[in-house]
Amino acid sequence: MASIENHPEKNVIRVQLAHNIVLKGMTAAQMAELEPLLVVVDCHKGEGLLQQGVHEMEQYFILDGILKRVVSNQEAKEMILRFAHEGEMETSYAAWRLGTPAPYSIVCVTKARVAKLPLREWVAFIERHPGLKQSFEYEVMHHMSEIMAHTITLHLLDAPGRFRRFMRKHPQLFDRIPKKELASYLNLSAETLSRLKQRGKI
């Protein structure tokens, strides 16, 4: 974990942050204000960034790699709600605003690098910059809409239909996500996904 200023790849990281979907509209002054609040973390595949049920939450900007938002029940059965990759962000902003525990975990699907800060600091920052707050909250609503559409898809489409929708929405992720993770996201077994592929159904 390191500050951006002290990071050996600080110039690359600054470029990555400048292209982030939420931060790309920021002025140089705003970025200069935000940067000291951020720390850069390198994470292993399978490492958890946020644990379902906690109250201490953070804001994540993805520099490299893929994260998943996953919810699990008491029997440890998991459902993957969404994937996010470099240039995107992850958050539990809605839960933080409502004062409720994190309703899901955020876990690294691949080796990943993120820039993060406590959500309370991020919220204080965007409160000072209304235009940025509006862009951020739009992205949060987009995530919620995306997850709702995905959940409906699991009920309304058959297995090939679910796969085709994924390929239409996220073609860039197909070769990067382990097939076991993709099968879980589509509510299929890895064997079913493999069998559909062998039969030419997908």
Residues at least two apart in sequence or cross-chain that pass side-chain contact (heavy atoms from CB on, under 4.5 Å) with N73, listed by chain then number, are E75, K77

Can you name the ring-ring contact (aromatic ring centres under 6.0 Å, His included) partners of H150, sequence neighbours left out?
Y185

For H142, side-chain contact (heavy atoms from CB on, under 4.5 Å) partners two or more places apart
E139, E146

What pairs of donor and acceptor atoms, side-chain ones from residues 114-123 against any protein atom, are under 3.5 angstrom apart with sequence neighbours left out?
| unit_1 | atom_1 | unit_2 | atom_2 | d |
| --- | --- | --- | --- | --- |
| K116 | NZ | E58 | OE1 | 3.3 |
| K116 | NZ | E58 | OE2 | 3.2 |
| R120 | NH1 | E56 | OE1 | 3.4 |

Nonpolar side-chain network containing L156, other nodes, edges under 4.5 Å:
M148, I152

Restricting to side chain to side chain donor-acceptor pair (under 3.5 Å), what partner residues turn up for K10, sequence neighbours left out?
E5

Can you list the residues that meet the side chain to side chain donor-acceptor pair (under 3.5 Å) rule with K24, with sequence neighbours excluded?
none

Lys/Arg-Asp/Glu bridge criterion (N-O < 4.0 Å) met for E127, R97
yes

Less than 3.5 Å apart, any donor N or O on the side chain of S72 or E78 sitting next to an acceptor on the other?
no

With F174, which residues qualify under ring-ring contact (aromatic ring centres under 6.0 Å, His included), at least two apart?
F163

Please list, chain by chain and in numerical order, all residues satisfying side-chain contact (heavy atoms from CB on, under 4.5 Å) with L157, sequence neighbours excluded.
T153, R162, R165

With a 4.0 Å cut-off on N to O distance, would you call E90 and R82 a salt bridge?
yes

Residues 32-40 side chain polar contacts: donor-acceptor under 3.5 Å, at least two apart:
| unit_1 | atom_1 | unit_2 | atom_2 | d |
| --- | --- | --- | --- | --- |
| E33 | OE1 | H129 | NE2 | 2.9 |
| E33 | OE2 | R128 | NE | 2.8 |
| E33 | OE2 | R128 | NH2 | 2.8 |
| E35 | OE1 | R14 | NE | 2.9 |
| E35 | OE2 | R14 | NE | 3.3 |
| E35 | OE2 | R14 | NH2 | 2.8 |

Contacts of T151 meeting side chain to side chain donor-acceptor pair (under 3.5 Å) (sequence neighbours excluded), chain-then-number -> none

What residues form a side chain to side chain donor-acceptor pair (under 3.5 Å) with N11, not counting sequence neighbours?
none

Determine whether the side chains of Q172 and H85 contain a donor N or O and an acceptor N or O closer than 3.5 Å.
yes

